[in-house]
Enquirer: 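Quick one: the structure is below, questions incoming.
Basis for what follows: all heavy atoms, side chains included, without hydrogens, waters or symmetry-related copies.
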Amino acid sequence: MSEYKYADVGINLTDSTFKGEYYGKQHHADDTEHVIQRGVDLGCLKFMVTGTDLEESKKAIALAEGYPGRCYATVGVHPCQTESFDKHPGGPTVLLQELETLTVDAKGRGLATAFGEIGLDYDRLHFAGKEQQLKYFEAQLDIAVKVQLPLFLHSRAAGEDFERLLSARLPSLPRRGLVHSFTGTMEEMESLVALGLDIGVNGCSMKTEENLDVVKAIPLERLQIETDGPWCEMRASHASAKYKDDAQGLPKSVKKEKWTADSMVKGRNESATIVHVVHVIAKVKGISTAELCQAAWNNSIKMFGLGETSDQQRP
């Protein structure tokens, strides 16, 4: 077991690739259990499973039921999925009520620890228009205030609108929230931190030198770590690569066609790689892995709980 403790606060364990299905074709058996165990073996003890629409949120909750004390769920509709509101049987009012009911029940059972993934994405307006995104971001923020869960947030190229809608409601959310998979500018990061929000860092947050400068500047008390698997893999072409030379080794990785239960799949990110995310962040910040792990763990437990109590925060 690792000497450190990690919480992967952004992992898409409901994605079909963790069931062995890629682009509609089955390549291997469901290996969710093995993915979780590989993470645990390297010290990743908590997994916050992302809900991106009503059905994926239900799946995330089911995983939390199946792995009590290990997995926890978020509930919400991703900005790129907001067309689902108008397509839902009974219309958007019904879907909003179903989301609220699902969240209240899952929170009451200790399974849901955040409301999201919600937000704005103006880079991908072909999935959902700006008007739809704004309307249903605001509506979902109102649910978050009702259910009193911290936010799990998504923001791409929408800083002004994103902050405007958030600012009015954050005073009603004592634990505020996390802007996950952050890839924004220094100015955006500083503005979000000033609002009392935490910043989630993964491989996609460290692609460029500008990204690394931002990560270096994130206050330690506002930093959380994630993988966003199966996406946001750290690649040799990224600026982060130069910091990985002395990183801890990972389990072997094979092509999906050669899958084995004890192997990671090439091109599919998973929670075990959080050790590399942490290693690079610590190097960029010029601090020890131990200091970074302690801060990130405590920040995640303080905001999301994840089944821990305050006297268990120190790794």
Enquirer: Quick one: side chain to side chain contact (heavy atoms under 4.5 Å, CB included) partners of H78, sequence neighbours excluded?
Expert: T52, C80, Q81, E117, R124, H154
Enquirer: Would a distance-only check, ignoring hydrogens and angles, find a side-chain to backbone donor-acceptor pair under 3.5 Å from R169 to L165?
Expert: yes
Enquirer: Show the nearest heavy-atom pair for residues V75 and T103, with the distance to one decimal.
Expert: CG1-OG1, 3.3 Å
Enquirer: For a quick test of your reading: what N or O donor-acceptor pairs under 3.5 Å do the side chains of residues 250-258 make, sequence neighbours left out?
Expert:
| residue | atom | partner | partner atom | Å |
| --- | --- | --- | --- | --- |
| S253 | OG | K266 | N | 3.3 |

Enquirer: Without swapping roles, check the side chain of T185 against the backbone of E188 for a donor-acceptor pair under 3.5 Å.
Expert: yes
Enquirer: Search all heavy atoms of T183 against all heavy atoms of N211 and return the closest pair with its distance.
Expert: O-ND2, 4.0 Å
Enquirer: Keeping D121 on the side-chain end and A128 on the backbone end, is there a donor-acceptor pair under 3.5 Å?
Expert: no
Enquirer: Does any N or O in the side chain of R175 come within less than 3.5 Å of the main-chain N or O of L149, such that one atom is a donor and the other an acceptor?
Expert: no
Enquirer: Under 4.0 Å between a side-chain nitrogen and a carboxylate oxygen: does that hold for D31 and R268?
Expert: yes
Enquirer: Less than 4.5 Å apart, any side-chain heavy atom of D246 and any of H279?
Expert: yes
Enquirer: Measure from the side-chain N and O atoms of K46 to the backbone N and O of L306, and report whether any donor-acceptor pair falls under 3.5 Å.
Expert: yes
Enquirer: With distance as the sole criterion, is a donor-acceptor pair present between the side chains of D8 and T227 under 3.5 Å?
Expert: yes
Enquirer: Using every non-hydrogen atom in the two residues, find where I118 and Q140 come nearest and quote the distance to one decimal.
Expert: CG2-OE1, 3.3 Å
Enquirer: So does G76 get a backbone contact from the side chain of S57, meaning a donor-acceptor N/O pair under 3.5 Å?
Expert: yes
Enquirer: For residues N202 and H180, is any side-chain donor paired with an opposing acceptor at under 3.5 Å?
Expert: no
Enquirer: Could you tabulate the donor-acceptor pairs under 3.5 Å formed by side-chain atoms of residues 92-99, not counting sequence neighbours?
Expert:
| residue | atom | partner | partner atom | Å |
| --- | --- | --- | --- | --- |
| Q97 | NE2 | T101 | OG1 | 3.1 |
| E98 | OE1 | H88 | NE2 | 3.1 |

Enquirer: Would you say the side chains of T82 and Q132 form a donor-acceptor pair under 3.5 Å?
Expert: no
Enquirer: For C232, what residues pass the disulfide bond (SG atoms under 2.5 Å apart) criterion, not counting sequence neighbours?
Expert: C204
Enquirer: I'd like to check L42 versus Q248 (side-chain heavy atoms, cut-off strictly below 4.5 Å). Are they in contact?
Expert: yes
Enquirer: Just by distance, do the side chain of E308 and the backbone of G305 share a donor-acceptor pair under 3.5 Å?
Expert: no
Enquirer: Would you say that E163 contacts L192 through its side chain, given a criterion of any heavy-atom pair below 4.5 Å between the two side chains?
Expert: yes
Enquirer: Give the minimum heavy-atom separation between P174 and Q148, together with the two atoms involved.
Expert: CD-OE1, 3.3 Å
Enquirer: Who else is in the cluster with W259 when I, L, V, M, F, W and Y are joined by side-chain contacts under 4.5 Å?
Expert: Y22, Y23, V265
Enquirer: According to side chain to side chain donor-acceptor pair (under 3.5 Å), who are the partners of D15, at least two apart in sequence or on a separate chain?
Expert: T17
Enquirer: Working note: F304 + F152, criterion ring-ring contact (aromatic ring centres under 6.0 Å, His included); need CA distance, chi angles, decisive distance, verdict.
Expert: CA-CA 10 Å; F304 300 118; F152 189 72; 7.0 Å; no
Enquirer: State whether the side chain of S288 and the backbone N or O of E291 hold a donor-acceptor pair below 3.5 Å, judged by distance alone.
Expert: yes
Enquirer: Look at the side chain of E270 and the backbone N and O of G229, then say whether any donor-acceptor pair between them is shorter than 3.5 Å.
Expert: no
Enquirer: Compare all side-chain heavy atoms of R70 with those of F47 and state whether any distance is below 4.5 angstrom.
Expert: yes
Enquirer: Would F162 and F137 count as a side chain to side chain contact (heavy atoms under 4.5 Å, CB included) here? Give the steps.
Expert: CA-CA 9 Å; F162 183 74; F137 181 34; 3.8 Å; yes
Enquirer: Hey, does the side chain of Q37 reach the backbone of G39 with a donor-acceptor pair shorter than 3.5 angstrom?
Expert: no
Enquirer: Does the pair D161/R164 count as a salt bridge with the N-to-O cut at 4.0 Å?
Expert: yes
Enquirer: If the threshold is 4.0 Å, N to carboxylate O, is there a salt bridge linking K135 and E131?
Expert: no
